[in-house]
Protein chains: 2
Amino acid sequence: MKRFSDLTPAAERIVDAAELLIKSKGYNGFSFEDLARQVGIRKPSIYHHFEAKMELGAIVAQRYTHRFRESLLRIEGATVDAKTRLQAYADLFETTYRTNRSLCICGMLGAEADSLPDEVNIEVRRFFAVNIEWLTMVLSEGIMKGSIRNIASAQDLAESFLDTMEGALITGRTSPDARGPRRAADVILAALSS
Amino acid sequence: MKRFSDLTPAAERIVDAAELLIKSKGYNGFSFEDLARQVGIRKPSIYHHFEAKMELGAIVAQRYTHRFRESLLRIEGATVDAKTRLQAYADLFETTYRTNRSLCICGMLGAEADSLPDEVNIEVRRFFAVNIEWLTMVLSEGIMKGSIRNIASAQDLAESFLDTMEGALITGRTSPDARGPRRAADVILAALSS
DNA sequence: GTCTATACTTGGATAGAC
DNA sequence: GTCTATCCAAGTATAGAC
């Protein structure tokens, strides 16, 4: 598999556009025609950079996961206690939400999983694994230090928290008065604060 | 718009199949060919019952919401306290989850909203509104009676809870060791119990 | 209510010139 | 790196017979 770090500038522009399209319409909802129009080139030019649509899907997910990890590192550097870290984490989703009520790429691809090539699903699974791992780490630290109530395993808490974030993006799409991921996180965090 | 209650038996078999397909692959992920094959008829026969694909999508969502409301009524009849009701509610999602890791129809359609006809989106919005309303009712009763901690408005709690359920279905799709909606709900309920 | 046949469009993908 | 031209499959939808 091609790696996102090998992308030429032209290829990167294509991936940028594909990311936007997947966020908005999903993998099954965009075509090479849409993509080419957005980039300002013609359909066949895309094949000079990518072998097939599924490769593009996989690379979008791969790069997204990579950037998300960078954000997690930044949060670890900038904050200390669990609650603040989780708020910063929720703000990553809130930013996505505020940008045209976009979805998390991997939330979208996760929903579509049954009709997606394995190549793509593998990357999506990695995204969720990375998130669960990070959240588990943060939450178990919070439990140890006493700022998070010890009502369930850190792993269980992590999963619920991630679920809430992914769900908030989806329900926020069609509900005009939805409050968004940050608010949803605040509710959970209030319930978990000791 | 046609209503789901007017469906002939033949039309109903088509809606049944469409529901399964949307749950699995999404609105953009299934074709009339798939649908016809599943029902055991030919593509054009579908048009005898439905004018277009979007009508089918809207009716699937409409019937799904109707049945969901029946389930909510059943829960109200069979249980009393907020926590038990919310567990029963989570079990509705758990059942969906255990059935081939299916998605909530409206979670799927919500994710795809940007590429869906208004006709469909309107029904999806109704589903979420119904759920939020019901959860708000249950939660505010729980707060009044003291079984649910008063850490946020019933409306905010309702939204977080629904988000968690929808998200659990999505993250559960690609994560082999995901715990599912019921477990996610138990975590939240433990945090909300006074 | 279902069929065959078919129209028309779009979608993913390739060949080969510039 | 991008283009035109083109292929073929699939997708939605219609006409009209049974």
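All chains are named by letter (A, B, ...) in the order of the sequence lines, taking the proteins before the strands, and each is independently numbered beginning at 1.
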Task: Parallel, tilted or perpendicular, as decided by the 30° and 60° cut-offs, for the rings of B/Phe93 and B/Phe68 - done: perpendicular
TODO: Kindly indicate whether the side chain of B/Gln87, heavy atoms from C-beta on, has any atom under 4.5 Å from the side chain of B/Asp186.
DONE: yes
TODO: Sugar-phosphate means primed atoms, P, OP1 and OP2; the rest is base. With that split, encode nucleotides 5-18 of chain C 5' to 3' as B, S or - using protein heavy atoms under 4.0 Å.
DONE: B-----SBBBB---
Task: Donor on one side chain, acceptor on other, B/His66 and B/Gln62, under 3.5 Å - done: no
Task: N or O in side chain of B/Ser45 less than 4.0 angstrom from C/dG1 OP1/OP2 - done: no
Open item on the list: In this structure, how many angstroms lie between the P atom of D/dG11 and the NZ atom of B/Lys25, rounded?
Closed with: 10 Å
TODO: For the residue pair B/Tyr27 and A/Asn28, confirm or rule out a side-chain donor-acceptor distance under 3.5 Å.
DONE: no
Task: d(CG, A/Leu35; P, D/dT2) in whole Å - done: 12 Å
Task: Five-pair end axes of the helix from C/dG1-D/dC18 to C/dC18-D/dG1 and the angle they enclose, rounded to 10° - done: 10°
Task: Salt-bridge contact B/Asp177-A/Arg125 (side-chain N to carboxylate O under 4.0 Å) - done: no
- [ ] State whether a side-chain donor-acceptor pair under 3.5 Å links B/Arg101 with B/Tyr97.
- [x] yes
Open item on the list: Whether B/His48 contacts C/dG1 is assessed here as follows: a side-chain N or O lying under 4.0 Å from the phosphate OP1 or OP2. Is that the case?
Closed with: yes
- [ ] Would you check if the distance from the ring center of A/Phe4 to the ring center of A/Tyr64 is below 6.0 Å?
- [x] no
Open item on the list: Checking A/Thr171 against B/Asp163: is there a side-chain donor and acceptor pair closer than 3.5 Å?
Closed with: yes
Open item on the list: Rounded to whole Å, please give me the gap between CZ in B/Arg42 and C1' in C/dT4.
Closed with: 9 Å
Task: Strand contacts (DNA chain D) in residues 5-24 of chain A, 4.0 angstrom heavy-atom criterion - done: A/Thr8, A/Ala10
TODO: Please determine if A/Arg179 and B/Asp156 form a salt bridge, counting it only when a charged side-chain N lies under 4.0 Å from a carboxylate O.
DONE: yes
Task: Spacing of B/Phe50 atom CZ relative to D/dT12 atom P, expressed in whole Å - done: 15 Å
- [ ] Assess whether atom CD of B/Glu51 is packed by more than 12 heavy atoms of other residues, nucleotides or ligands within 6.0 Å.
- [x] no
TODO: Return yes if a side-chain donor-acceptor contact under 3.5 Å exists between A/Ser160 and B/Thr164, otherwise no.
DONE: no
